[in-house]
Amino acid sequence: MPRRARHYWLMKSEPGAYSIDDLERDGETCWEGVRNYQARNLLRDELKVGDLVLFHHSSARPAGVAGIAKVVKGGYPDHFAFDRKSRYFDLKSKKDNPTWMMVDVAFVEKFDGVVALADLKAEPALVNMMVVRRGMRLSVQPVTETEFEIVRRMGRRLGS
DNA sequence: GCCAACGTTGGC
DNA sequence: GCCAACGTTGGC
């Protein structure tokens, strides 16, 4: 049986909440707290083990892609929604019918810097990336393989 | 801190 | 089902 082709994603995190350094330290983590239906659908249905992820720092200076992660567990219920003490608690998510989903991701690599959003916007081959579009707030975004490779190349070039 | 863009809520 | 009000996101 041929395996499903690898898919590519961009996931946003505020580094003050969880950064690429945190992921490097932890090795892997669950990606809890996504509370948007479109992103939830992607986490539930589309992100699969082995997919690669551009780890994007948002609300940072500069905002941009800080490294690479990979999906190590596909969509499963975000149990933080059940925890009244969690900031991600959501009364409407029931254990027998969870509203919100999460995945687990693992650290792959950290760039020697950040591929700034301005640099992504300046790259003609990336004009169709969601993240460069004005007002794009989706926190889990599909990325093409070509876009992924270009951004990774830009990231690896930062060190040299 | 500002504020534009967006998603959600709730009155009707 | 419309849409105004509101809250949040996130770049700058």
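Just so you know, these numbers come straight off a predicted model, no measurement behind them. By convention in this document, chain letters (A, B, ...) are assigned in the order of the sequence lines, proteins followed by strands, and residues within each chain are numbered from 1.
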When you look at CZ of R25(A), are more than 12 heavy atoms from neighbouring residues, nucleotides or ligands closer to it than 6.0 Å?
-> yes
Going 5' to 3' through nucleotides 4-11 of chain B and flagging B where a protein heavy-atom sits under 4.0 Å of the base, S where only the sugar-phosphate is that close, and - otherwise, we get SBBSS---
Considering residues at least two apart in sequence or located in another chain, which fulfil the side chain to side chain contact (heavy atoms under 4.5 Å, CB included) criterion with K73(A)?
-> Y76(A), D104(A)
By side chain to side chain contact (heavy atoms under 4.5 Å, CB included), which residues pair with A66(A), not counting sequence neighbours?
-> I20(A), H57(A), V114(A)
Could you list by number each residue of residues 52-66 of chain A showing a heavy-atom separation from DNA chain C of less than 4.0 Å, or answer none if no residue does?
-> H56(A), S58(A), S59(A), A63(A)
Salt-bridged, R156(A) to E109(A), with N to O below 4.0 Å?
-> yes
Checking K70(A), R4(A), R6(A) against D51(A) for salt bridge (charged side-chain N to carboxylate O under 4.0 Å, His left out), the one that qualifies is R4(A)
Residue list, side-chain hydrogen bond (donor to acceptor under 3.5 Å, both in side chains) with R44(A), at least two apart or on another chain | N41(A)
Sorted by chain and number, sequence neighbours left out, ring pair (Phe, Tyr, Trp, His ring centres under 6.0 Å) with F89(A) holds for none
